[in-house]
Structures are given as C-alpha cells and as structure tokens.
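Note that ligands are numbered from 1 as they come in the structure, with each ligand's atoms numbered from 1 the same way.
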Amino acid sequence: MNSTTRHSGRSYAEVYRESIEQPEKFWLGAAEAVEWEKPPTRALDASAAPTYRWFPGATLNTCFNALDRHVRDGHGDRAALIYDSAMAPDASRTYSYAQLLDEVSRFAGVLTERGVATGDRVIIYMPMIPEAAIAMLACARIGAVHSVVFGGFAAKELATRIDDAGPVVLVTASGGLEPGRIVEYLPMVEKALELSATPPHTVIVKAREQIPGSAADYRGSAATWFDWDTLIADASPAQPVPVAATDPLYILYTSGTTGKPKGVIRDNGGHAVALTWSMKNIYDIGPGDVWWTASDVGWVVGHSYIVYGPLLAGATSVLYEGKPVGTPDAGAFWRVISDHGVSALFTAPTAIRAVRKADPDAREVAKYDISSLKALFVAGERLDPDTYAWTTKILDRPVVDHWWQTETGWAICANLLGLQPMPIKPGSPTVPVPGYRVEVLGDNGNPLPAGTEGQIVIALPLPPGALTGLWRDPDRYTRAYLAAFDGYYLTGDSGYIDEDGYVFVLGRSDDVINVAGHRLSAGSIEAVVAGHPAVAESAVVGIRDELKGQRPSGYVVLKAGADVDPDTLRSELVAMVRDQIGAVAAFRDVTVVPALPKTRSGKILRKTVRQIVDRDVYTVPSTIEDTTVLEILEKQLRS
Ligand code: COA
Ligand code: AMP
C-alpha cells in the first residue's frame, strides 16, 4: 500500500496533532460538513467535566442531514439503501434517497400520531429489514430517542431494556429469518411486555409474509398493537424537528461486567460530525459510493455504518439479511459485492473465518467480479494475523483492522485510508484516530514504555461521537469508565503501543466476553445459571474458539446432595440461557467442578479459570483463598 496523503493533502501526523492541540479549530472545521439549523460557535463544553458535551448551543436534525439535504441538493434519484436479502430474495429492493425520505417522513408521521414527542424513547426490535433503518431515522426526524434491541435477544433481555429506557412505543416485525428456521418475534414481545414494569403503550408490527403473526393477534395485551402497513398508508409526513446538538439521538444497550446492560447515550451533533468525518477520512467513502457493512442494526456497527454514516455521507448503503456462509454458500459476500458494485465492505473477523473454513481455497471468489472492491474493513474483535494473511492473499487489497466499542461509536484506532494510508502491521488496528489520545497505563496509573502490556485508556475528553453518559445512571458512567485513572476513560481492553506508535489490542481485561463479535457479560449468563435448582455457584468465562474468537463456557459447582446427570444439567442450562438471554449467547459448554478459585473476599477468579482452560501461563493471584482449588481444576480441565 502506498502511504501518500489523500483528500486534504495533509499528513496523518499533522491532522492528529491539530485534533489534540487545537480541538476547537479541528472540530469546528469538521462541523462545517454538517448542516445545522443553528451552527456551533464553540466545540467543547467542559463546564461539567469530567462529563463533556460537544457543540453547545447548536441545533440540527440528524435525519435532515442523512436524507433531506441530499434530495434538496438534487440527488433524490441516487440509491440510498439497497436491501439485499439472502433469506427472502424476492423481498430485496432498492430505495432512492427520495423514496427513503418519503418512507421515513411518513413513519415519523405515524409515530407523532401515536403520541411520540421529542425526547420520548422508542424501542426498535427488528430483524435486518429496511423498516429497521426507517424506524431509526423516523425517530431521529422527530427528535425521539431510539433504542434498538438486537433480534437475537430473548424476551427477558428485551424487558430489561424496556424497563430501563421507558419507551412509549415499541416497533417490531413478525420475525426474523435464520438459516433453517424462522424466529417469531411477537410472542417474545408479548412476553417482554408481561415481564416489564413499564411497558410501552403502543406496539407497531411490520408483518412479513414469510413469518406468521400480526398485530391483530394481540388484542388484550398491556399495549395497543397496530399494523405498520395500515398506519403508514394513511400517514401524513412529518417535518424534521431541530434538536440541540447535545440532545440524545439514541440509547444502545451493551454488556458490562454485571448482568445489567449499560445504556450508552449518543448525542446528535457530535455523532453527525464524527461519522461524517470518518466516512471520508477513515473509509475513503463519498457521495454515490456503494458501502456495505455486514453486521446487524442491533449493534453499534450497524447504527454507525449501516444507517447513519453512509447516509450522512450521501453514499449508498447495503443492508444485507443473511450470513457469510450457508445462505446459500461461502460465496455470499462476493455475490453481494458483485451484484451491487460495492466499494468497501466492513465485517467482523469471525465472518471471514467462517468463509475461510467453508472455502479454504477461495474458489467462490473466482466466480464473481469483485473489481469494485477497494478495501475490506474489520472490527468487533482482534483480526488475528493468520486470518489477516489469508484475506489479504485472496483479495489482494488492503484489509484494515480497526478498533472500537459501542461506547465510542466510531473507531478509536484505524488505518485512515482516506487521509493517509499507512503500512499495515498484522495484529494491530494501526494508530489512534484524530481526537483520541490513547495511552497504556500500569495498574498503578503510570504510563508504560513502548511494547509493555497494560490497560488501554483514552485521555479525556473523548472526541465527538463518543458516549456522553449512561442512560439514567450517571454514577455508573463515572464508576465504570472514569474512576480507575484520573483524567482517563478506561476502555476495558488491555494491550500495548509499539515504538512506531501502533496500538495492539490484546483482549478485554474485564469479564466481558466477545462471541463472534457479539458482546456478552459473564455476569448475565451466570445469573441465569444460578437459577437452576442444582447449582450452588458458577463461573462463566470466554474461552478461545477457533471460529468465534471466544465462546462462553460454564464451570458449575453443585449444591451439596444435588443428584443430577451432567448431560441433563447441561441441556437444561443451555435451554435456560437460550430462553432468557437468547440464541446469540451460543452457550453450550457446561462442566461440573468441585470448587471455584476465589479471593479471600469471595470474588471468583474468572480470569484464572480462563487461563487454566486456555492453557495459558498464569500467576497465582496473591489474594487467593485456597490454592489447592487451582491444582484440582488444572488436573481436571487440562487432562
Ligand atoms: N435473531 C435470532 N437469532 C439469531 C440472530 C438474530 N438476529 N443472530 C444470530 N442468531 C442465532 C443464530 O441463528 C444461532 O442460533 P443456533 O444456535 O440455533 O444456530 C445463534 O444465534 C448463534 O449465532 P452466531 O454466533 O452469530 O452464529 P451464526 O452461525 O448465526 O453466524 C456469523 C456466524 C459469523 C455470521 C455471525 O456470528 C456474525 O455475523 N458475526 C459478526 C457480528 C458482528 O457483526 N458484530 C459487530 C462487529 S462488525
Ligand atoms: P462492542 O462494544 O460490542 O463493539 O465490543 C467492543 C469490544 O470488542 C472492544 O472493547 C474489544 O474488546 C473488542 N474489539 C472490537 N474491535 C476490535 C479490534 N479491532 N481489535 C481487538 N478487539 C476489538
């Protein structure tokens, strides 16, 4: 890859330095790419530090920036959203900017008519269909705050999010299509409403012809149910409502270390500025380019780069309902690239590993014309050097790892292809993105020398687009992210920075498990396992998995006298986790152990259990209560 500078003619080093040393100049400059109702005169508001706000006093509408302004500027006929369904190919269709604007405005009208006002929350529990993006943009249009819940979560997880967000309306569909089965959403929604202390007053259902169930089946529910198509047919379009840059655009729940998910709050102004800047400078994507993020709207990657980022940039976004393999084969990615002339694809390394497993010699690639593809971006978990090497070989294009989190909303570290492409070092997501001051600290808070592993932190303030807090829980925001090291945001990842300034992210240093790019908390799975009558206590840890990166594995101590067959126990626990958290937890391993290692204060040493199972070298924690437990476990789990 060459390392010349791109659009701006400025080097990465120069741009990065300006972002850190002159943040006002840098971010007010970036803000000029967004259209404001009232433009910002200041970038940063540090008056409530360590909580920061971006673009105080400015107003805008995110949906206007994503849709109306492109139509107004004469690009109404340009494709905005290509819905490509490998699960229901007949349903595939393309929306021009003008058509998408029409649908979104009318659904925004539906929400208004159903009583949704600016600042109200709307839960969106949808599969990968265009209506998911339409519902999100419709909320943004009227200043309502959406909270999308991933379709792979079951009723209890949905209910937890309903109770925390306090929505007035829930938007859903009759279901999702998974290979070999349909997932009916409506019984899960109804169960979630029953479990919820504060159910929404209205449920709106997009009925899909492939999946049974409709609003009419749920008379007598805690909410009033309506059919999407009926409501939208009569709706009057709603106009965009300007909101404060600092007002929330959405809440997205993510797993923390405890069972209770964290409601990450994203603002309107900082988000629009950061994503617009990222499309050009990180991804090198502009108006009319076809961009494809193969993820799900339920994850942050889907929010930022299926919906908002590409539309803010005036590009065409592919929304793909299907898998990389098995729908119907390992050529699915190459087929979509060739059908739509995709310029850049963004996916998770686990998806590439799935393709490689099914098609190790990449025979499928040769069947398609993928000449439009300029680069492949991956995130969600570390891109292991082996997968990097294979992908680079079969594609012969830049394969760019970049590191980010639900909390940051966009990349913390990347190889900025649109600014100045840099040589790739396998295993590294390259360098800090402008706006992010990344450091590695030891447990005592001292900066560590190059090459030494420690806690990766980001000096405050976080740049625009990053979370502005946790919904209804400012104390948890401070405790979880800001309390560990004064003046820094704790990422929860460990790693190091090398002598060239390249960052290497090695994995989570807390109890968050990353399964196939999906983030799960050990605590929430343990809470389900604890509900089994034979279980005294358990540790759930993320162990290494060749395909999914990690998989959750449960180590269970039985109650004294409990007489249960291990296979029966396993299938009961697997069913309980699937029922209460969802299939996406992919929980299949259960091992009965005589005891779990603990600290003297009773905390289970999950990390040590994981290291034993993964056969990693480990040091016996000085706080351990009883070292013989480790010897027994090692003998059992490593034999
Ligand atoms: N609704 C309902 N169920 C879902 C679901 C959804 N939206 N998504 C996944 N599931 C189910 C799957 O059907 C599977 O069920 P099963 O146990 O009955 O087989 C289970 O959850 C586990 O799913 P997953 O671990 O995702 O495996 P998979 O075989 O369905 O897909 C990948 C494998 C690699 C395609 C998929 O994990 C993937 O795309 N991961 C990337 C995630 C991502 O985009 N992260 C964001 C960063 S880019
Ligand atoms: P999520 O919030 O679901 O996006 O998950 C964020 C976590 O995924 C991070 O804290 C990392 O542990 C991991 N992650 C995401 N991208 C990368 C990457 N490129 N390299 C290493 N880890 C990553």
Original post:
Do the side chain of D296 and the main chain of M128 share a donor and acceptor less than 3.5 angstrom apart?
Top reply: no
Original post:
Is the centre of the W292 ring less than 6.0 Å from the centre of the F333 ring?
Top reply: yes
Original post:
Any side-chain heavy atom of L448 sitting closer than 4.5 Å to one from Y496?
Top reply: no
Subject >> Sub-4.0 Å protein heavy atom near atom 15 (O) of ligand 1 >> reply: yes
Subject >> Test item: side-chain donor near acceptor, Y436 and W404, under 3.5 Å >> reply: no
Subject >> Y250 and R266: side chain donor to acceptor below 3.5 Å >> reply: yes
**OP:** Could you list which atoms of ligand 1 come closer than 4.0 Å to a heavy atom of V584?
**Re:** 21 (O)
**OP:** Go through the steps for R356 and D386 under the test salt bridge (charged side-chain N to carboxylate O under 4.0 Å, His left out), then give the verdict.
**Re:** CA-CA 11 Å; R356 181 185 182 182; D386 195 33; 3.2 Å; yes
Original post:
Counting only heavy atoms not in D443, do more than 12 fall under 6.0 Å of its CG?
Top reply: no
Original post:
Does the side chain of Y283 come under 3.5 Å of the side chain of S343 through a donor N or O and an acceptor N or O?
Top reply: no
**OP:** Check whether any protein heavy atom sits under 4.0 Å from atom 19 (O) of ligand 1.
**Re:** no
Original post:
Looking only at heavy atoms of R353, does any of them come nearer than 4.0 Å to an atom of ligand 1?
Top reply: no
Original post:
What protein heavy atom sits nearest atom 2 (C) of ligand 1, and how far away is it?
Top reply: G152 CA, 3.6 Å
**OP:** Indicate yes or no: does D545 engage R588 in a salt bridge with an N to O separation below 4.0 Å.
**Re:** no
Subject >> R578-ligand 1 polar pair, N/O distance under 3.5 Å >> reply: yes
Original post:
Going by the atom numbers of ligand 1, which of them fall below 4.0 Å from some non-hydrogen atom of F150?
Top reply: 5 (C), 6 (C), 7 (N), 8 (N)
Subject >> Side chain, backbone, both or neither: the part of M128 lying under 4.0 Å from ligand 1 by heavy atom >> reply: neither
Subject >> Protein non-hydrogen atom below 4.0 angstrom of atom 26 (O) of ligand 1 present >> reply: yes
**OP:** Under the side-chain hydrogen bond (donor to acceptor under 3.5 Å, both in side chains) rule, collect the residues that match up with W291, sequence neighbours excluded.
**Re:** T293
Subject >> Per atom 48 (S) of ligand 1, closest listed option by heavy atom (G517, A583, A379) >> reply: A379
Subject >> atom 35 (C) of ligand 1: the protein heavy-atom neighbour that sits closest, reported with distance to 0.1 Å >> reply: P324 CD, 3.1 Å
**OP:** For ligand 1, find out whether one of its N or O atoms is nearer than 3.5 Å to an N or O atom of T350.
**Re:** no
Original post:
Of S295, A354, A351, which has the heavy atom at the shortest distance from atom 46 (C) of ligand 1?
Top reply: S295
Original post:
Do you see a protein non-hydrogen atom under 4.0 Å from atom 32 (C) of ligand 1?
Top reply: no
Original post:
Which option out of R551, M126, R181, E178 puts a heavy atom nearest to atom 6 (C) of ligand 1?
Top reply: E178
**OP:** Can you sort out which atoms of ligand 1 are near H518, meaning under 4.0 Å from one of its heavy atoms?
**Re:** 26 (O), 37 (O), 42 (C)
Subject >> Proximity flag R519 to ligand 1, non-hydrogen atoms under 4.0 Å >> reply: no
Let me have the donor-acceptor pairs involving side chains of residues 323-330, under 3.5 Å, with sequence neighbours excluded, atom names and distances please.
residue	atom	partner	partner atom	Å
K323	NZ	E178	OE1	2.8
T327	OG1	Y320	OH	3.3
T327	OG1	K323	N	3.0
T327	OG1	K323	O	2.8
D329	OD1	G331	N	2.8

Subject >> Which residue and heavy atom of the protein sit nearest atom 41 (C) of ligand 1, plus the separation >> reply: A516 O, 3.3 Å
Subject >> Flag for E407-T254: side-chain donor and acceptor within less than 3.5 Å >> reply: no
Original post:
When you look at CD of E499, are more than 12 heavy atoms from neighbouring residues, nucleotides or ligands closer to it than 6.0 Å?
Top reply: yes
Original post:
With sequence neighbours left out, what residues match E439 under salt bridge (charged side-chain N to carboxylate O under 4.0 Å, His left out)?
Top reply: R437
What short N/O contacts, under 3.5 Å, does ligand 2 make with the protein, listed by atom pair and distance?
residue	atom	partner	partner atom	Å
ligand 2	2 (O)	T406	N	2.8
ligand 2	2 (O)	T406	OG1	2.5
ligand 2	2 (O)	R519	NH1	2.6
ligand 2	8 (O)	G380	O	3.3
ligand 2	8 (O)	N514	ND2	3.2
ligand 2	10 (O)	Q405	NE2	3.0
ligand 2	10 (O)	D493	OD1	3.4
ligand 2	10 (O)	D493	OD2	2.6
ligand 2	10 (O)	R508	NH1	2.7
ligand 2	12 (O)	D493	OD1	2.6
ligand 2	12 (O)	D493	OD2	3.4
ligand 2	16 (N)	G380	N	3.0
ligand 2	19 (N)	D401	OD1	2.7
ligand 2	19 (N)	H402	O	2.8

Subject >> Test item: side-chain donor near acceptor, W403 and D493, under 3.5 Å >> reply: yes
**OP:** Show which atoms of ligand 1 fall inside a sub-4.0 Å distance from at least one heavy-atom site of A348.
**Re:** 41 (C), 48 (S)
**OP:** Identify, for atom 30 (O) of ligand 1, the protein heavy atom at the shortest distance, and state residue, atom and that distance.
**Re:** K323 NZ, 2.8 Å
**OP:** Look at atom 22 (C) of ligand 1 and say whether a protein heavy atom is found at less than 4.0 angstrom from it.
**Re:** yes
Subject >> Side-chain donor-acceptor pair present, Y388, D401, cut-off under 3.5 Å >> reply: no
Subject >> From OH (Y185) to CE (M126), nearest 0.5 Å >> reply: 9.0 Å
**OP:** Return the residue, atom name and 0.1 Å-rounded distance of the protein heavy atom closest to atom 24 (P) of ligand 1.
**Re:** K548 NZ, 3.6 Å
